[in-house]
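Every chain is numbered from 1, with letters handed out A, B, ... down the list of sequences. Every value quoted in this text rests on a predicted model; they were computed, and no experiment measured them.
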Amino acid sequence: DVKVTQSSRYLVKRTGEKVFLECVQDMDHENMFWYRQDPGLGLRLIYFSYDVKMKEKGDIPEGYSVSREKKERFSLILESASTNQTSMYLCASSLIRTGGNQPQHFGDGTRLSIL
Amino acid sequence: AQSVTQLGSHVSVSEGALVLLRCNYSSSVPPYLFWYVQYPNQGLQLLLKYTSAATLVKGINGFEAEFKKSETSFHLTKPSAHMSDAAEYFCAVSGETSYDKVIFGPGTSLSVIP
């Protein structure tokens with residue numbers, strides 16, 4: 001079965017720390033995505049990647065960076081964590097195919113608190 | 001630009017009653033439309049997807065959605081609500097290629113009253 005695994009379900013960090021969120025998929029998907037989810041705002045795209053070592057900014061990339069050194073792994077980095085980055089972070093992956101956009105497969109999320 | 005609106009951030013229904021969750025979209029190209037469900041403390045999972053093959057799309061867990069181009073709508077329905085349907089539901093729209101971004105609506109929280 002399809003599996004997207006996020007390394008932590010809950011994480012507490014301090015303001016100014018560098019924070020790494022890890023995501024691994026076992027489906028050989030080309031696309032990978034990082035979203036943050038906040039009440040009333042739905043999902044907002046932070047960064048995405050179509051291929052290894054490739055990245056594209058989403059709608060809210062400020063304060064974040066990403067790394068994709070291997071096809072199955074996509075890391076989100078908070079360079080200097082701030083309290084307004086307290087949120088639920090969701091990783092997703094999907095195939096690239098002709099004939100239409102493929103559904104995304106999501107991990108269970110990481111609930112990050114910045115104190 | 002594409003966008004999605006979901007009317008009603010919270011919907012309550014009685015167990016056994018009809019579920020209707022509303023979704024309207026705007027898109028300058030033929031859209032691909034999705035409904036996802038999120039159970040507490042979990043990620044999103046796909047309920048169903050519209051790809052222009054048929055306007056009425058059947059999904060998992062007894063849900064279905066009808067694409068109405070004239071109304072730019074893709075409402076989600078289920079004839080009889082079950083307690084296990086209580087969750088957050090997200091409508092999403094994208095263009096027709098795998099490189100198009102997916103735009104998610106703000107979500108509708110469904111409560112089922114016994």
Ring centres of Phe74(A) and Phe48(A) under 6.0 Å apart?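 For Phe74(A) and Phe48(A), the ring centres are not under 6.0 Å apart.
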Tell me whether the centres of the aromatic rings in Tyr32(B) and Phe34(B) are closer together than 6.0 Å. no
Indicate yes or no for a side-chain donor-acceptor contact from Gln25(A) to the backbone of Glu30(A) under 3.5 Å, with no hydrogens or angles considered.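 Between the backbone of Glu30(A) and the side chain of Gln25(A) there is no qualifying donor-acceptor contact (under 3.5 Å).
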Any donor-acceptor N/O pair, Asn31(A) side chain to Ser93(A) backbone, under 3.5 Å: no
For residues 62-73 of chain B, which residue pairs pass the salt bridge (Lys or Arg N to Asp or Glu O under 4.0 Å) check, not counting sequence neighbours? Lys58(B)-Glu64(B)
Side chain, backbone, both or neither: which part of [X] has a heavy atom under 4.5 Å from chain A?
X	answer
Gln38(B)	side chain
Gln45(B)	neither
Tyr36(B)	side chain

Among the listed options Leu46(B), Leu44(B), Val4(B), the residue most often paired with chain A at heavy-atom distances under 4.5 Å: Leu44(B)
Could you tell me which of Gly109(A), Pro103(A), Gly107(A) has the largest number of non-hydrogen atom pairs under 4.5 Å with chain B? Pro103(A)
Report, by ascending residue number, the residues of residues 103-114 of chain B in heavy-atom contact with chain A at a distance under 4.5 Å; give 'none' if the set is empty. Phe104(B), Gly105(B), Pro106(B)
Indicate yes or no: does Lys101(B) engage Asp59(A) in a salt bridge with an N to O separation below 4.0 Å.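 Yes, Lys101(B) and Asp59(A) are salt-bridged.
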Ionic contact status for Arg36(A) with Asp38(A), cut-off 4.0 Å: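 So Asp38(A) pairs with Arg36(A) through a salt bridge.
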Just wondering, more than 12 heavy atoms not from Arg9(A) lying within 6.0 Å of its CZ?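 Result for CZ/Arg9(A): enclosed.
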In terms of heavy-atom contacts, does CZ of Arg44(A) have more than 12 from other residues, nucleotides or ligands at under 6.0 Å?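 Enclosed.
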[X] versus chain B, the contacting section by heavy-atom distance below 4.5 Å:
X	answer
Tyr89(A)	neither
Leu45(A)	side chain
Gln37(A)	side chain

Hey, are Ser49(A) and Glu56(A) close enough side-chain-wise for a donor-acceptor pair under 3.5 Å? no
